[in-house]
Amino acid sequence: MSLQSMTGFARHLRNSAGVQILWEIKSVNGKGLDVRFRLPAGLETIEQKARILFSQHFKRGNFQAAVTVDRSAGVAKAILNEPLLKELAAIAARLREDYGLAASTPEGLMALRGVLEAPQETADPEDQHKIEEAVLAVLDETLIQLAHNRQAEGRALGEILTVQIAAIEMLVEQARLDPSRSFDAIRSRLAAQVSLLLDAAPALDESRLYMEAAFLATKADIQEELDRLEMHVTAARDLLKEGNGVGRKLDFLTQEFNREANTLCSKANAASITSIGLDLKAVVDQLREQIQNLE
């Protein structure tokens, strides 16, 4: 399944069951699945079934769904009462001859009560049931359209996340190959630190100082952090391939990325490693910001 963004919009109009049905749905980020409906009077009974439809299509997101039902689309055409129209036309002609009144117009005659008879609407429970079923069917079609829109944005997000994960991998490799982590560089730093201490306090035991310095250097080693960061990069790529519904997992993974980046910065004993750690934190923040949009 493909990645799906939590932001999207869908609008779907269809004539069904003798009425015109229009659904408009907007979705934004959300920790869970939250749907707010705006339903016309008489259709409140469909809300529970509508919520079930949402849960079948989506796992997360805040949704606003509104439906309008135009019943005039299915009303039969008005009926022309021709006998009455002929009678009224004859009366109008006689009045014009007898009293010199202005000639009547077809529009004027058609506007008189009874000339056009509209069919009486009746509240038929069977028709109401058909309308409710049609509204739910159009909702399902709208949700499919919304899912397609969210998937399209999800693909674009996936491309951005892929680039950011690659940037993290590159920074990890830079830290791993940084000259400050070479054996010669570490030995030179230890020798310089021990020399400074001996100059300040000649009575100190040189061998003991070397042991302490070596211990501190071991604690400052960032090999484990780099290994874990590489593992997280692999896990992130696997989740992107897995597709839909991985937003929560990726969000948790960015927390792990951030934890390792913080530890790397705190343990860094060279300005170059600190710089890489800060760049890493910046990319992780960008990654997490984008992941907030994923379902």
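Here the structure is a predicted model, which means the values were calculated and not measured.
Listed by first and then second residue, the salt bridge (charged side-chain N to carboxylate O under 4.0 Å, His left out) pairs involving residues 151-168 amount to none (not counting sequence neighbours). Note on residues 269-281: no pairs pass salt bridge (charged side-chain N to carboxylate O under 4.0 Å, His left out), not counting sequence neighbours. Pairs of residues two or more places apart, or lying in two chains, that qualify as side-chain hydrogen bond (donor to acceptor under 3.5 Å, both in side chains) and include a residue from residues 133-147 are H12-E141, R14-E141, H57-D140.
Looking at E169, its side chain never comes within 3.5 Å of a backbone N or O of I165 through a donor-acceptor pair. One N or O on the side chain of T162 and one on the backbone of G158 form a donor-acceptor pair closer than 3.5 Å. Listed for the Q128 side chain is a donor-acceptor partner under 3.5 Å among the backbone atoms of G42. No donor-acceptor pair under 3.5 Å is formed between the side chain of W23 and the backbone N or O of T68. No donor-acceptor pair closer than 3.5 Å links the side chain of Q174 to the backbone N or O of I276. Proximity of a side-chain donor or acceptor of R51 to a complementary backbone N or O of V35 within less than 3.5 Å is detected.
E260 and K267 are not joined by a salt bridge, as no carboxylate oxygen comes within less than 4.0 angstrom of a charged side-chain nitrogen. Using a 4.0 Å cut-off between charged nitrogen and carboxylate oxygen, E24 and R11 count as a salt-bridge pair.
Considering all non-hydrogen atoms of both residues, A175 and I273 come closest at O-CD1, 3.8 Å. Closest of all the heavy-atom pairs between N149 and F9 is ND2-O, 2.6 Å. Residues A50 and L139 approach most closely at CB-CD2, 3.5 Å, considering heavy atoms. V69 approaches P40 most closely through the heavy-atom pair CG2-CG, 4.5 Å. The heavy-atom pair separating S55 from L33 by the smallest distance is CA-CD2, 3.7 Å. Between A134 and S16, the closest heavy-atom pair is CB-OG, 3.5 Å.
Q4 has its side chain within reach of F58: a pair of non-hydrogen atoms, C-beta onward, lies under 4.5 Å apart.
The OG1 atom of T234 lies 8.5 Å from the CE atom of M231; values are rounded to the nearest 0.5 Å. For the atom pair CG of D251 and NZ of K249, the computed distance is 13.5 Å after rounding to the nearest 0.5 Å. Rounding to the nearest 0.5 angstrom, the gap separating the CD atom in Q164 from the OG1 atom in T254 is 11.0 Å.
S27 and R150 form a side-chain donor-acceptor contact under 3.5 Å, judged by distance and modelled atom types alone.
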query: Hey, mind stepping through L136 and L53 against side chain to side chain contact (heavy atoms under 4.5 Å, CB included) and telling me if it holds?
result: CA-CA 8 Å; L136 290 171; L53 284 176; 4.3 Å; yes
Side chain to side chain contact (heavy atoms under 4.5 Å, CB included) between L143 and I25, intermediate numbers included: CA-CA 8 Å; L143 293 177; I25 306 175; 3.6 Å; yes
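Hydrophobic cluster membership of L13, counting Ile, Leu, Val, Met, Phe, Trp and Tyr whose side-chain heavy atoms lie under 4.5 Å apart directly or via other members: L22.
Under the side-chain contact (heavy atoms from CB on, under 4.5 Å) criterion, E224 pairs with R228, not counting sequence neighbours. Qualifying side-chain contact (heavy atoms from CB on, under 4.5 Å) partners for E173, counting only residues two or more places apart in sequence or in other chains: R176, L177, E230. Residues that satisfy the salt bridge (charged side-chain N to carboxylate O under 4.0 Å, His left out) test with D34, not counting sequence neighbours, are R36. Residues satisfying the side-chain contact (heavy atoms from CB on, under 4.5 Å) criterion with T274, sequence neighbours excluded, are A268, L278. For F37, the ring-ring contact (aromatic ring centres under 6.0 Å, His included) partners two or more places apart in sequence, or in a different chain, are F54. For N29, the side chain to side chain donor-acceptor pair (under 3.5 Å) criterion is met by N293, not counting sequence neighbours. Residues that satisfy the side chain to side chain donor-acceptor pair (under 3.5 Å) test with S266, not counting sequence neighbours, are absent from this structure. For R94, the side-chain contact (heavy atoms from CB on, under 4.5 Å) partners at least two apart in sequence or on another chain are I91, D98.
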